Amino acid sequence: MAIATQDATVRRRSRRKARLQENARAWAYILPAGLVMLVISVFPQMFQLWMSFTDFRVANLRFNIFDPETWDRFGPAWIGIENYVRIIESDLNIPNYNFSRLLFFTFVWAVVNVILHVSLGVGIAMVLNGERVIGRRFYRALFIIPWALPAYISALTWRNMFDPTFGAVNQLFGIDVDWLNDPIPPFDIPGLSWLPLAFYAVLIANTWLGWPFMMVVATGALQSIPKELYEAVDIDGATKWQKHWNVTFPLLRPAMVPAIMLGFIWTFNQFNVIFFISEGGPLGATEILVTQAYKLVAENQLYGVASAFAVVVFFILLVITLIQNRVTRATEAADA
Amino acid sequence: MPEPKVKKPWTRDAVLRQVGTQAMLLAVLAVVMFPVLWVLSLALDPRNISKPLELTLIPPGASFEAFRKVLFDPFTNLCTVPNDLDSCMTFSDLLINSLLVALTTSVLAVVVGASAAYAFSRFRFWGRQIGMIGFIALIMMPATGVLAPLFVLMNTIRIGGEPLRKTLLGLAIAYTATALPFAIWNLKGYFDTVPIDLEQAALVDGASPMRVYTRIVLPLSTPALAVTVLFSFMAGWTEFILAWLFLDDPSRFTLAMALRGMQGQFTTPWSEFAAMSVLMSIPILLLFFGLQRWIVSGLTVGSVKG
C-alpha cells in the first residue's frame with residue numbers, strides 16, 4: 001500500500017518534470033525571436049503607450065528615458081485619458097475629422113482590399129499551377145513585380161497615372177475624370193457611388209500592389225496538397241468545382257489564414273498608398289487611421305494624441321484578430 | 001516542377017484550354033506591366049519629366065543615358081567628404097550595402113522565425129496561444145511615435161564600441177523584427193501541414209527533437225521557407241525611413257535610401273529616379289527566379305504520405 005502511493009507520487013513528479021521540460025524546450029526555441037521583438041518592438045511600443053497618457057509636444061522631444069537629467073526638464077505632463085477622450089469624441093482641431101467615420105472607412109478599406117487580394121492571388125496561383133501551362137515560370141516572376149517595387153515608388157507612379165490631364169488612366173480610356181479630387185462621382189453606379197472616386201483609385205492601386213504577395217503564398221501552399229488526394233476524388237468522379245471545394249480550398253486554408261490575418265493588419269495600416277496617392281482627400285474622405293495619426297504628428301505636432309491614436313488602432317486590430325483567430329483556430333498546435 | 005510522368009497528347013480540348021489560359025494570363029500581365037512600362041518610358045525619356053505627355057513606350061529621343069548615369073556616375077549627395085567626388089557612393093557601393101542588409105535580414109528572419117514556428121506547431125506548452133497572438137500583435141501599432149524611442153535604445157546598445165544604430169547589422173535586426181511575425185505565422189501554418197507520423201516514428205527511434213526538426217520538418221517545408229526568405233529580403237531591400245533615421249555614414253547607405261534621396265525638395269531628376277526604380281526591382285526578380293524551384297518543390301510532401 002505504502003509502496004503503491006510512493007509509486008504514484010514518483011510517477012506524478014516525473015510527469016510534472018516532463019511537462020516542465022517540454023515547456024522549457026518550447027520556450028528555448030522561441031527565445032531568439034522573442035528577444036529580437038522585445039528590443040525592436042516591445043520597448044518602443046511601451047514607450048508609445050506611456051506617451052499616449054501625456055501631453056507630449058515638440059518641447060518634450062529632448063526627453064531621453066536613458067538620461068535621468070532630462071526627466072524633469074523635458075518630461076511631458078501626465079494627462080490621463082484625455083487624449084483618448086478627445087479622439088473618440090472627435091474633439092480635435094482638424095478639418096473633416098470624425099472618428100466613427102474614419103474607423104468605418106478604414107474597416108471597409110481593409111476588408112475590400114483583402115477580399116480582392118486573396119481571390120486574385122489564389123485564383124491566379126491556381127491557374128498557374130494547372131497542368132502544363134506554357135511559360136508559367138515567366139508569368140510567376142513577372143507577376144511579382146508590383147510587390148518587388150518599393151511601395152512608395154508604386155504609390156507615386158499611380159498618383160501620376162491618375163493625373164487628370166497627363167495621367168495614363170485618362171489617356172488610355174480617353175476620358176476626362178478628376179479621380180483624386182472630385183468629391184462627387186461624375187457618373188452614378190448604384191451601390192458604389194456612396195464612396196468617392198478617389199476610394200476606387202486607391203483601391204485599384206493597392207490591389208495592383210497587394211495581390212502578388214497572396215499569389216506567392218498560395219503557390220507555396222498549393223504544393224503541400226498531395227496529388228493522391230486529387231486522384232482519389234477523380235476516382236469518385238468529382239467535377240472540377242467539387243475538387244476545388246473539397247480538396248484545394250480546405251488544404252490551402254492553413255497557409256492562407258496567417259497571410260489573410262496579416263494582410264488585413266497591413267492594409268488597415270497601409271500608409272504609403274493612401275498618403276501618396278489620395279493624400280486622404282477629397283475632404284478627408286479617404287483618410288484612414290494611420291494617415292490621420294501621421295498628420296497629427298507632421299502637421300499639428302500633437303505627439304501625445306498621435307500615440308493615443310496608435311494605441312486605439314492597436315486595440316481595434318487586436319479585437320479583430322482575436323475574432324479571426326477564434327473562427328479559424330490558427331493558433332492551435334498541429335496535433336490538437 | 002510537377003510534370004506528369006507520362007506526356008499526355010495535345011488533344012483539341014487541351015489546346016483550347018491552353019489558349020484560354022494564355023489569353024487570361026496575358027491580360028493579367030498587361031495590367032501588371034502597364035505601370036511598370038510607364039516608369040520605364042519615363043526612364044528612357046531625356047526630357048526629365050514626372051509624367052509622360054503621351055502614351056508611348058519609346059518616347060522621342062529615347063536613350064539609356066539615365067541608366068548610365070545611375071549605374072556609373074557618383075551620387076553627389078551621398079559623399080563622406082563634401083565636394084570630393086571620389087568619396088561619393090556609386091551604384092555598386094549602394095548595391096553591396098543593400099544586399100548585406102537584405103540578406104542578413106532574410107537569414108535572421110528564417111532561422112529565428114522557423115525555430116519559433118516549430119515550437120508553436122509541435123509543442124504543447126504554457127502560453128502558446130498568447131505567444132502566437134503576441135507576435136502578430138506587435139505589428140498592429142502604427143509606428144507614428146515609436147521611432148524616437150527606438151533610436152534612443154539602439155543608440156544605447158553598443159557592439160564593438162559602436163552604437164548598434166549606426167551599423168548595417170542594427171538595421172537588419174530592426175527589419176527582422178518587422179518580418180518575423182509573418183515568418184513565424186507563415187511557417188507555423190506550413191509546418192502544420194507536414195505529416196506528423198514521420199516525426200513520431202523518428203522520435204520513437206530515439207532521434208532528438210532538434211534532429212527531427214532539422215532533418216525532417218525543415219526539408220519538407222522548402223516552399224514556406226522560400227516564401228519567407230523572399231518576404232524578409234524584400235523588407236530589407238525596400239525600406240528607407242528607418243535607414244535614413246539610423247545611419248549617419250554615407251558609406252553605409254543603401255539603394256532604397258539613395259532612391260528616396262533623389263527626390264529633392266525643389267527638383268527631382270525624374271529620368272534617373274525612374275531608371276533607378278526599375279534597376280532596383282531586378283535583383284528581386286532574380287532572387288524570385290532562383291527561389292521559384294523551391295517555392296514549387298512540393299513533391300517531397302506528397303511522397304511522405306502512405
Side-chain angles (χ1 to χ4, degrees), chain A residues 22-23 26 29-30 32-33 36-37 40-41 43-45 47-48 51 64 66 127 133 137 139 141-146 148-150 153 157 160 163 166 168 171 216-217 219-220 223-224 226-228 254-255 258 262 265 269 290 293-294 297 303 306-307 310 313-314 317-318 331 333-335, chain B residues 21 25 29 32 35-36 38-39 50-51 53 55 112-113 115-116 118-119 121 123-126 129 132 136-142 144-146 149-150 152-153 156 174 176-177 180 182 185-186 189-190 192-193 196 223-224 227 238 256 277 281 284-285 288-289 292 295-296 298 301-302 305:
Chain A
E22 171 108 352
N23 264 294
Y29 275 93
I30 297 167
V36 171
M37 297 310 282
I40 308 294
S41 301
F43 165 74
Q45 293 189 7
F47 190 86
Q48 181 149 285
M51 271 171 85
N64 176 349
F66 297 106
V127 170
V133 175
R137 283 172 64 90
Y139 283 122
L142 288 179
F143 285 175
I144 69 151
I145 291 182
L149 284 172
I153 300 295
T157 307
N160 285 338
D163 187 272
F166 299 115
Q171 289 194 19
V216 171
V217 175
T219 303
Q223 316 307 322
S224 74
K227 273 213 149 120
E228 291 87 335
L262 283 153
I265 296 170
N269 287 337
V290 246
Y294 175 81
V297 170
Y303 293 84
S307 301
V313 170
F314 171 83
L317 281 172
L318 187 66
T331 53
D335 53 342
Chain B
T21 310
L25 290 171
L29 189 63
V32 165
V36 181
W38 202 72
V39 174
S50 65
K51 309 170 190 102
L53 304 176
L55 282 182
V112 171
S115 150
Y118 180 63
S121 171
F123 296 131
R124 331 206 76 247
F125 56 96
W126 178 84
Q129 304 241 8
M132 268 199 85
I136 203 177
L138 288 173
I139 59 163
M140 290 175 186
M141 200 185 284
T144 46
V146 304
L150 186 59
V152 174
L153 180 68
T156 315
T176 304
L180 264 181
F182 169 74
W185 276 65
N186 180 45
Y190 202 92
D192 286 354
T193 67
I196 207 160
V227 170
T238 57
S277 320
S281 60
I284 301 272
L285 289 187
F288 182 77
F289 239 96
Q292 200 175 157
I295 293 178
V296 295
V301 176
K305 273 222 76 191

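Keep in mind it's a predicted model, so treat the numbers as computed, not measured. Every chain is numbered from 1, with letters handed out A, B, ... down the list of sequences.
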**Q** At a heavy-atom separation under 4.5 Å, does B:Ala137 approach chain A through its side chain, its backbone, both, or neither?
**A** both
**Q** At their closest point, which heavy atom of B:Pro223 faces which heavy atom of A:Gly220, and how far apart are they?
**A** CB-O, 3.7 Å
**Q** Rounded to the nearest 0.5 Å, how far does CD1 of B:Ile139 lie from CG of A:Leu262?
**A** 4.5 Å
**Q** Can you tell me how far apart CE (B:Met141) and OG (A:Ser307) are? Round to the nearest 0.5 Å.
**A** 9.0 Å
**Q** Restricting to non-hydrogen atoms, name the atom on A:Tyr29 and the atom on B:Ala119 that form the minimum distance, rounded to 0.1 Å.
**A** CB-CB, 3.7 Å
**Q** So for A:Leu318, is it side chain, backbone, both, or neither that comes closer than 4.5 Å to the heavy atoms of chain B?
**A** both
**Q** Mind ranking B:Val152, B:Leu25, B:Val112, B:Leu285 by heavy-atom pairs under 4.5 Å with chain A and telling me who comes out on top?
**A** B:Leu25
**Q** Can you tell which of B:Leu150, B:Thr176, B:Val36 has the highest number of heavy-atom pairs within less than 4.5 Å of chain A?
**A** B:Leu150
**Q** Quick one: list whatever passes side chain to side chain donor-acceptor pair (under 3.5 Å) with A:Asn269, sequence neighbours left out.
**A** none
**Q** Can you tell me how far the CZ atom of B:Phe288 sits from the CD1 atom of A:Ile144, to the nearest 0.5 Å?
**A** 5.0 Å
**Q** Is it the backbone or the side chain of A:Ile265 that comes under 4.5 Å from a heavy atom of chain B, or both, or neither?
**A** side chain
**Q** Return the CZ to CG distance between B:Arg124 and A:Asn23, rounded to the nearest 0.5 Å.
**A** 11.5 Å
**Q** Minimum heavy-atom separation for B:Pro149 to A:Phe43, with atom names?
**A** O-CE2, 3.5 Å
**Q** Is it true that, when you exclude A:Tyr294 itself, more than 12 heavy atoms of the residues, nucleotides or ligands shown sit nearer than 6.0 Å to its OH?
**A** no
**Q** Mind ranking B:Ile136, B:Asn186, B:Thr21 by heavy-atom pairs under 4.5 Å with chain A and telling me who comes out on top?
**A** B:Ile136
**Q** Could you have a look at B:Ile284, B:Val39, B:Leu180, B:Leu153 and say which one has the most heavy-atom pairs with chain A under 4.5 angstrom?
**A** B:Leu153
**Q** What part of B:Phe289 gets within 4.5 angstrom of chain A, counting heavy atoms only: side chain, backbone, both, or neither?
**A** both
**Q** Please classify the contact between B:Thr156 and chain A as side chain, backbone, both or neither, with a heavy-atom cut-off of under 4.5 Å.
**A** side chain
**Q** Measure the shortest side-chain to side-chain distance between B:Phe123 and A:Ile30 over non-hydrogen atoms and say whether it is less than 4.5 angstrom.
**A** no
**Q** For the candidates A:Asn160, A:Thr219, A:Ile153, A:Val216, which exhibits the highest count of non-hydrogen atom pairs separated by less than 4.5 Å from chain B?
**A** A:Asn160
**Q** Do you know which of B:Gly189, B:Ala116, B:Ala224 has the most heavy-atom pairs under 4.5 Å to chain A?
**A** B:Ala116
**Q** Counting heavy-atom pairs under 4.5 Å to chain B, which of A:Thr157, A:Val290, A:Val217 comes out on top?
**A** A:Thr157
**Q** Please assess B:Leu29 against A:Leu142 for the test side chain to side chain contact (heavy atoms under 4.5 Å, CB included), listing each intermediate value before the final yes or no.
**A** CA-CA 8 Å; B:Leu29 189 63; A:Leu142 288 179; 3.8 Å; yes
**Q** Could you look at A:Asp163 and say if it's the side chain, the backbone, both or neither that has a heavy atom under 4.5 Å from chain B?
**A** side chain
**Q** What residues form a side chain to side chain donor-acceptor pair (under 3.5 Å) with A:Tyr139, not counting sequence neighbours?
**A** B:Gln22
